[in-house]
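Working notes, structure below.
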Amino acid sequence: MNQVRVRFAPSPTGFLHVGGARTALFNWLFARHSKGKFFLRIEDTDLSRSTDEAIEAIFDGMRWLGLDWDEWEASETNPVRQTARFEIYREKVETLLAEGKAYRCYCSPDELAARRKEALEARKVPRYDGRCRLLTAPDPERPAAVRFKASSEGEIVVDDMVKGEVVFDSRTVDDLIIMRSDGSPTYNFCVVVDDVDMQISHVIRGDDHLNNTPRQIQLYEALGYTQPRFGHLSMILGADKSRLSKRHGATAVQQYRDEGYLPEAMVNYLVRLGWSHKDQELFTLPEMIEKFSMAHVGSSAAIFNPDKLLWMNANYIKTGDAKRIAQLLRPHLEGLGVDAGQCDPDHLLRVVKALRERSRTLKEMAESAFYFFSDKISFDDKAKKFLTVENLPILGAVRQKLEGVPFEHDPLQEAFRSISESMDKKLAKIAQPVRAAVTGKTVSPGIFDVLEILGKEKALERLDDQIDALS
RNA sequence: GGUCCCAUCGUCUAGUGGCCUAGGACGUUGGCCUCUCACGCCGAAAACACGGGUUCGAACCCCGUUGGGACCA
């Protein structure tokens with residue numbers, strides 16, 4: 001039985017796109033499920049766009065999501081980089097040329113463009129007419145591109161793992177340029193050479209490549225290799241059903257990290273975009289690996305739904321390990337100017353526990369947590385409405401009562417109950433002004449929790465401030 | 001324009017010829033809980049694109065139409 005070997009082959013664009021992330025995830029799950037190998041290959045032949053930073057951004061995104069990759073045995077670089085393999089592509093081109101499976105084409109890009117335009121105007125299919133195929137005496141001095149001699153015999157059948165049998169008429173496949181006149185190899189060619197070299201068993205990629213598949217299959221044949229199995233994943237679309245892009249909002253996974261999303265939420269959201277296991281929505285990583293199967297990958301495109309991702313994130317914030325959430329919260333607190341390095345881990349943990357059910361992102365949590373870490377609290381308009389002379393007696397009574405109360409949930413609750421009774425006011429009438437005074441807001445965790453976490457000293461100080469201001 | 005892919009609630013999906021009066025989840029919405037906001041719990045509205053076949057029976061199989069998407073660019 002042959003080992004499963006798959007790869008994720010992004011081109012470095014400066015970030016990891018959510019669509020790419022899902023492709024990577026499905027490849028990764030497929031490999032880990034079947035105890036195979038998962039490789040990362042950087043398609044950086046387009047040198048103008050491929051900077052080291054852009055490549056680093058992909059690693060960064062992959063690591064954040066927890067998608068680790070294996071080292072390809074035969075490579076000096078890990079992950080594999082196409083720019084390190086230019087010589088190999090050139091050799092293969094030479095081989096095809098020598099075997100008569102490819103030929104030099106002297107048509108300039110301008111000529112080709114002109115002919116394409118003509119064909120289009122004449123309402124004909126714009127495809128290369130193969131005129132340079134017939135040249136008998138190639139001139140090695142003249143700059144030339146190299147074209148692959150496509151066969152136009154019969155049909156090419158792709159037995160796709162997600163789309164089923166897809167049949168192409170060979171006559172629709174024209175002679176593909178495999179090396180440009182400047183000596184640079186082209187995308188479709190490099191992909192095949194790499195996948196052959198890396199002994200990739202299953203090519204799982206976006207279905208925007210489905211139409212490239214027949215010509216790639218012909219290349220496999222010409223190169224004398226058996227083809228891998230293909231699986232073409234549907235696209236991720238924006239709300240308007242067009243391909244997901246920046247105008248639909250955040251498309252880079254790093255952006256979600258910066259917005260306070262948890263990687264497990266992102267992964268869980270992404271895995272449910274196109275894959276399902278009965279009615280189940282929530283999966284841990286080991287569960288995904290165990291249950292993942294290409295058989296349950298859907299074939300229709302999916303719209304990226306930020307609301308569901310948000311819900312997913314809220315869920316993981318609510319149920320995740322509180323200590324870890326606390327660690328992840330730190331940078332977001334720093335972002336608000338809180339010196340999170342100085343704060344007590346226990347204190348931070350209590351804050352997280354108080355806020356986790358009311359925060360959908362870490363960023364939201366940090367914002368809600370601000371008054372626990374800084375005395376520079378601001379009072380919003382709704383809160384100010386509770387800080388009135390009419391409520392002064394309430395604040396006063398609370399202030400006095402709390403002096404002698406231990407700052408723990410139950411005693412605080414008891415204290416508030418007794419004030420509530422003696423003043424004959426509902427608890428809400430008492431809690432809201434106090435909440436406004438100590439947090440500056442009308443929304444917070446339960447008031448007893450807030451006071452406990454804040455501690456006696458700070459709480460009384462804030463109450464005093466308000467009492468003074470109103471007196 | 002050609003080629004290819006796709007089509008179940010607004011969205012993600014379950015469904016592989018009888019378990020479907022179409023299930024779950026997000027969102028929306030009514031209520032309960034309640035010191036605020038949330039969480040949680042209970043309930044509601046909401047879909048098989050259309051038209052033909054095949055079959056005793058079709059969301060499911062076949063054909064066509066329409067609509068969307070991708071690639072050629």
Side-chain angles (χ1 to χ4, degrees), chain A residues 109 112-113 116-117 119-128 156 158 160 162-174 176 188 206-215 232-244 268-282 295-315 317-319 354-360 364-365 368 382-383 386 394 398 412-413 416-417 419-420 425-436 439 441-451:
Chain A
L112 292 170
R116 184 178 300 131
K117 202 175 156 212
L120 244 25
E121 277 166 10
R123 300 200 152 268
K124 286 188 178 154
V125 186
R127 50 197 302 272
Y128 182 65
I156 302 162
V158 182
D160 196 274
V162 349
K163 307 281 187 191
E165 275 202 355
V166 183
V167 181
F168 295 87
D169 186 335
S170 296
R171 283 170 300 188
T172 63
V173 180
D174 62 357
L176 165 80
N188 278 298
D207 74 4
D208 46 342
H209 288 109
L210 187 53
N211 281 306
N212 284 331
T213 310
R215 49 183 28 153
H232 287 93
L233 270 20
S234 294
M235 301 279 87
I236 296 179
L237 274 25
D240 62 356
K241 295 198 173 189
S242 72
R243 202 175 166 164
L244 190 66
N268 199 152
Y269 176 71
L270 252 21
V271 84
R272 289 284 295 110
L273 226 46
W275 175 76
S276 62
H277 182 262
K278 310 267 176 63
D279 278 349
Q280 192 172 344
E281 295 286 349
L282 268 16
H296 285 93
V297 171
S299 51
S300 55
I303 293 172
F304 188 83
N305 183 349
D307 278 340
K308 187 158 180 180
L309 173 58
L310 198 55
W311 168 80
M312 197 68 89
N313 201 51
N315 173 69
I317 285 179
K318 198 157 54 197
T319 59
L355 286 169
R356 67 195 316 198
E357 286 187 353
R358 23 178 76 74
S359 310
R360 294 177 302 175
E364 273 183 19
M365 189 185 274
S368 314
K382 283 184 190 164
F386 286 96
I394 294 173
V398 171
L412 285 164
Q413 183 167 31
F416 272 72
R417 290 247 183 277
I419 295 168
S420 162
K425 285 183 188 300
K426 285 192 168 177
L427 187 54
K429 291 281 179 197
I430 303 184
Q432 276 306 75
V434 175
R435 170 174 285 118
T439 70
K441 302 185 187 317
T442 52
V443 169
S444 84
I447 190 65
F448 315 126
D449 292 322
V450 170
L451 292 173

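All chains are named by letter (A, B, ...) in the order of the sequence lines, taking the proteins before the strands, and each is independently numbered beginning at 1.
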Next on the checklist: Within the 4.0 Å limit for protein heavy atoms, which parts of nucleotides 10-15 of chain B are touched? Write it as a string from 5' to 3', B for base, S for sugar-phosphate only, - for none.
Outcome noted: -BBSS-
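The partner of B:U36 cannot be assigned: no Watson-Crick or G-U wobble pair with both contacts below 3.5 Å exists in any strand. Base pairing analysis places B:A59 opposite nothing; no Watson-Crick or G-U wobble pair with both distances below 3.5 Å involves it. Across all strands shown, the partner of B:C72 is B:G1, judged by Watson-Crick or G-U wobble contacts whose two distances both fall under 3.5 Å. Base pairing of B:A14: no nucleotide in any strand meets the Watson-Crick or G-U wobble criterion (both distances under 3.5 Å). Across the strands present, B:A49 finds its partner in B:U65; the criterion is a Watson-Crick or G-U wobble pair with both atom distances under 3.5 angstrom. Of the nucleotides present, none pairs with B:G27 by Watson-Crick or G-U wobble criteria with both distances under 3.5 Å.
Looking only at distances, a side-chain donor or acceptor of A:Tyr269 sits under 3.5 Å from a matching main-chain atom of A:Asn305. Side-chain atoms of A:Arg215 never come within 3.5 Å of backbone atoms of A:Asn211 as a donor-acceptor pair (strictly under, hydrogens ignored). With hydrogens and angles disregarded, no donor-acceptor distance shorter than 3.5 Å links the side chain of A:Gln432 to the backbone of A:Ala428. With hydrogens and angles disregarded, a donor-acceptor distance shorter than 3.5 Å links the side chain of A:Thr439 to the backbone of A:Lys441. Remark: side-chain polar atoms of A:Thr319 are paired, donor with acceptor, to backbone N or O of A:Asn315 under 3.5 angstrom.
Listed by chain and number, the residues in a side-chain hydrogen bond (donor to acceptor under 3.5 Å, both in side chains) with A:Ser359 amount to none (sequence neighbours excluded). For A:Gln413, there are no side-chain hydrogen bond (donor to acceptor under 3.5 Å, both in side chains) partners at least two apart in sequence or on another chain. A:Arg243 meets the salt bridge (charged side-chain N to carboxylate O under 4.0 Å, His left out) test with A:Asp208; sequence neighbours excluded.
Comparing B:C71, B:C37, B:C6 by their closest approach to the side chain of A:Asn212 singles out B:C71.
Within the 4.5 Å cutoff, the side chain of A:Leu233 has no heavy atoms near those of the A:Asp207 side chain. The shortest distance between side-chain heavy atoms of A:Val167 and A:Ile156 does not fall below 4.5 Å.
A gap of 14 Å separates the P atoms of B:A47 and B:U8, to the nearest Å. For the P atoms, the distance from B:G53 to B:G17 is 22 Å, rounded to whole Å. Between the P atoms of B:C50 and B:C9, the separation comes to 10 Å (whole Å). Rounded to whole Å, the separation between the P atoms of B:G40 and B:A25 comes to 12 Å. B:C39 and B:A49 are spaced 39 Å apart, taking the C1' atom of each and rounding to whole Å. For the C1' atoms, the distance linking B:A22 with B:U16 amounts to 15 Å, nearest Å. Nucleotides B:C5 and B:C63, compared at atom P, are 11 Å apart to the nearest Å. Of the P atoms belonging to B:G18 and B:A38, the separation is 45 Å, rounded to the nearest Å.
Here A:Val434 lies out of heavy-atom contact (under 4.0 Å) with every strand. Within the 4.0 angstrom heavy-atom criterion, no nucleotide atom of any strand lies near A:Pro214. At the heavy-atom level, A:Ala428 lies under 4.0 Å from the strands shown only through sugar-phosphate atoms. When heavy atoms are screened at a 4.0 angstrom cut-off, A:Phe168 is found touching the sugar-phosphate backbone but no base atom.
In terms of position along RNA chain B, the nucleotide closest to A:Leu309 lies nearer the 5' end than the nucleotide closest to the other residue of the pair A:His209 and A:Leu309. Both A:Lys429 and A:Leu210 sit near RNA chain B, but only A:Leu210 has its closest nucleotide nearer the 5' end.
Residues in residues 301-315 of chain A take part in these salt bridge (charged side-chain N to carboxylate O under 4.0 Å, His left out) pairs, two or more places apart or across chains: A:Glu281-A:Lys308.
For B:C71, one of the phosphate oxygens OP1 or OP2 lies less than 4.0 angstrom from a side-chain nitrogen or oxygen of A:Arg243.
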Between the protein and nucleotides 38-40 of chain B, which nitrogen or oxygen pairs are less than 3.5 angstrom apart?
| residue | atom | partner | partner atom | Å |
| --- | --- | --- | --- | --- |
| B:A38 | O2' | A:Glu357 | O | 2.5 |
| B:C39 | O3' | A:Lys318 | NZ | 3.1 |
| B:G40 | OP1 | A:Lys318 | NZ | 3.2 |

